[in-house]
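A note on names: the letters A, B, ... follow the listed sequences, proteins ahead of strands, and every chain is numbered from 1.
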There are 2 protein chains.
Amino acid sequence: MDRLDSSLIALRRILRATELFGRELKQVAGITPVQFRALQIIDETGQTTAKEISQRMRVSQATVTSLVDKLVRDGMALREKSALDRRQTHILITQKGSQTLGETPDPLQQRFVRKFSELADWEQAMIVANLERVAAMLDADEIDASPVLQTGEIKLSSEM
Amino acid sequence: MDRLDSSLIALRRILRATELFGRELKQVAGITPVQFRALQIIDETGQTTAKEISQRMRVSQATVTSLVDKLVRDGMALREKSALDRRQTHILITQKGSQTLGETPDPLQQRFVRKFSELADWEQAMIVANLERVAAMLDADEIDASPVLQTGEIKLSSEM
DNA sequence: CCATTTGCTTCGATAATCGAAGTATTGCAA
DNA sequence: TTGCAATACTTCGATTATCGAAGCAAATGG
């Protein structure tokens with residue numbers, strides 16, 4: 001049972017770290033992790049809809065509306081009615097948005113990347129295998145495998 | 001670099017799972033993860049102060065006040081002025097609070113515990129070692145090693 | 001005994017989140 | 001074709017979590 005405790009504590013530490021890095025992100029870059037995540041999705045998809053964001057972030061459309069409101073308010077994104085289906089609204093990233101995405105140093109990722117890179121090859125392989133194992137243990141069946149997440153989001157350059 | 005991506009994706013999956021389990025907890029048990037965490041701390045310490053909770057959860061005292069307000073409102077906790085130092089307020093858990101703690105099935109922990117228990121001995125050891133390693137990589141230096149965390153909290157019977 | 005520190009609450013603000021209700025618009029079916 | 005259901009989104013009202021600043025009361029140290 002000792003091992004179980006240790007593993008849970010380690011998991012906690014990981015979660016806490018992401019949480020705290022989220023706050024740091026907010027301080028440093030003036031954007032919240034959630035907004036950052038939405039912006040990433042808008043950027044990736046080029047021309048997103050509220051529905052798309054809502055599905056990928058697994059939040060309600062109402063939430064997306066308020067999120068996009070904030071991005072628009074801050075000049076990071078734009079809304080544009082779709083010509084084809086006028087119920088839809090396309091959401092576009094602005095220059096400023098791209099710039100923010102590009103410049104924002106995600107402190108969590110940076111730290112992890114740095115430390116990870118310092119490891120020996122076999123160590124990296126082992127860590128990946130184990131992280132994936134744990135992820136598989138936690139991923140509930142009802143939850144599909146989409147690698148999207150809302151809190152303490154990790155910025156990934158080459159994202160699915 | 002592929003490994004880095006894999007590890008980041010796995011990390012994400014872990015974070016997302018905890019996030020979603022947090023929501024489940026709220027639905028099922030009617031208590032939010034944050035409140036649950038506060039309640040755990042109150043329970044563990046027997047007679048906590050707002051300051052203690054604030055430090056362990058790493059949130060401001062103002063936040064703790066509002067958190068405890070909710071716990072008190074819901075009959076999970078009580079406030080009691082300290083006789084020794086009358087600036088302090090002791091925060092106590094109520095019967096209902098204990099009951100909630102005891103009965104609440106933390107879905108994340110349950111799942112993890114079950115899966116973890118199924119593993120072979122050496123696998124468990126390896127996972128612990130690797131999780132701890134990752135935790136160490138993410139734990140910023142400024143952050144002390146206390147295994148406390150606020151979001152997607154994992155319930156631990158024999159904590160710390 | 002006064003000034004400072006400490007512990008906590010109050011106030012006002014913001015973000016994230018939801019469900020329900022409302023507004024267009026599309027699309028299918030009779 | 002007309003009309004009703006489904007779809008896409010917003011608005012509204014509510015809740016939680018969170019903070020900083022300001023306030024109040026008690027302790028403590030000169």
Side-chain angles (χ1 to χ4, degrees), chain A residues 16 19-20 22-27 29-39 41-42 47-74 76-91 149-153, chain B residues 19-20 22-27 29-39 42 47-74 76-91 149-153:
Chain A
R16 176 168 60 83
E19 152 81 27
L20 294 177
R23 296 192 196 171
E24 194 181 333
L25 178 67
K26 192 167 149 192
Q27 295 300 319
I31 190 170
T32 68
V34 174
Q35 287 171 30
F36 191 81
R37 178 58 191 152
L39 204 52
I41 291 175
I42 297 168
Q47 211 179 31
T48 333
T49 61
K51 177 146 209 193
E52 168 96 16
I53 299 177
S54 143
Q55 287 172 338
R56 292 192 57 184
M57 292 186 67
R58 296 166 181 286
V59 294
S60 71
Q61 278 199 10
T63 302
V64 172
T65 296
S66 106
L67 236 37
V68 173
D69 282 350
K70 279 167 203 131
L71 290 175
V72 169
R73 177 199 63 189
D74 297 344
M76 307 278 198
L78 285 176
R79 281 192 176 96
E80 207 174 64
K81 277 258 166 182
S82 164
L84 298 184
D85 183 340
R86 301 201 353 186
R87 289 168 304 180
Q88 285 190 109
T89 304
H90 292 310
I91 298 161
L149 138 106
Q150 32 245 310
T151 316
E153 186 52 45
Chain B
E19 152 80 26
L20 294 177
R23 295 192 196 172
E24 193 181 332
L25 178 68
K26 193 167 148 192
Q27 295 300 319
I31 190 169
T32 69
V34 175
Q35 286 172 29
F36 192 82
R37 178 58 190 151
L39 204 52
I42 297 169
Q47 211 179 31
T48 333
T49 62
K51 177 146 210 194
E52 169 96 16
I53 298 176
S54 143
Q55 287 172 337
R56 293 191 56 183
M57 292 186 69
R58 297 167 181 284
V59 295
S60 71
Q61 278 199 9
T63 302
V64 173
T65 296
S66 105
L67 235 40
V68 173
D69 282 350
K70 280 166 204 131
L71 289 175
V72 169
R73 178 199 62 191
D74 297 343
M76 307 278 198
L78 285 176
R79 281 191 176 95
E80 208 173 65
K81 276 259 166 179
S82 164
L84 299 183
D85 183 339
R86 299 200 354 188
R87 290 169 304 180
Q88 286 190 114
T89 304
H90 293 310
I91 299 161
L149 138 104
Q150 35 245 308
T151 316
E153 185 53 43

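Phosphate contact (OP1/OP2 of dT16(D), side-chain N/O of Thr32(B), threshold under 4.0 Å): absent. Contact between the side-chain N/O atoms of Lys26(A) and the OP1/OP2 oxygens of dT14(C) is not found at any separation under 4.0 Å. Contact annotation: Arg37(B) side-chain N/O to dA17(D) OP1/OP2 distance is not under 4.0 Å. Between Arg86(B) and dA26(D), a side-chain N or O to OP1/OP2 separation shorter than 4.0 Å is present. At dC18(C), none of the side-chain N or O atoms of Arg58(A) fall inside 4.0 Å of OP1 or OP2 (strictly under the cut-off).
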*In the 5'-to-3' direction, what one-character label does each nucleotide of nucleotides 5-11 of chain D receive under the scheme B = base within less than 4.0 Å of a protein heavy atom, S = sugar-phosphate only, - = no such atom?*
--BSBBB

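In this structure, Leu71(B) atom CG and dC8(C) atom P are separated by 15 Å, rounded to whole Å.
Using a 4.0 Å heavy-atom criterion, one finds that Leu84(B) contacts the sugar-phosphate atoms exclusively.
The salt bridge (Lys or Arg N to Asp or Glu O under 4.0 Å) pairs that include a residue from residues 63-73 of chain A are Asp69(A)-Arg79(A), where partners are two or more places apart or lie in different chains.
By the 4.5 Å heavy-atom criterion applied to side chains, Ile42(A) and Leu71(A) are counted as neighbours. Contact check for Thr49(A) versus His90(A): side-chain heavy atoms found under the 4.5 Å cut-off.
Checking side-chain atoms of Ser66(A) against main-chain N and O of Ala62(A) turns up no donor-acceptor pair under 3.5 Å.
Considering only residues two or more places apart in sequence or on other chains, Ala50(A) meets the side-chain contact (heavy atoms from CB on, under 4.5 Å) condition with Val64(A), Ile91(A).
Scanning both residues, Lys81(B) and Arg86(B), for their nearest heavy atoms gives NZ-O, 3.3 Å.
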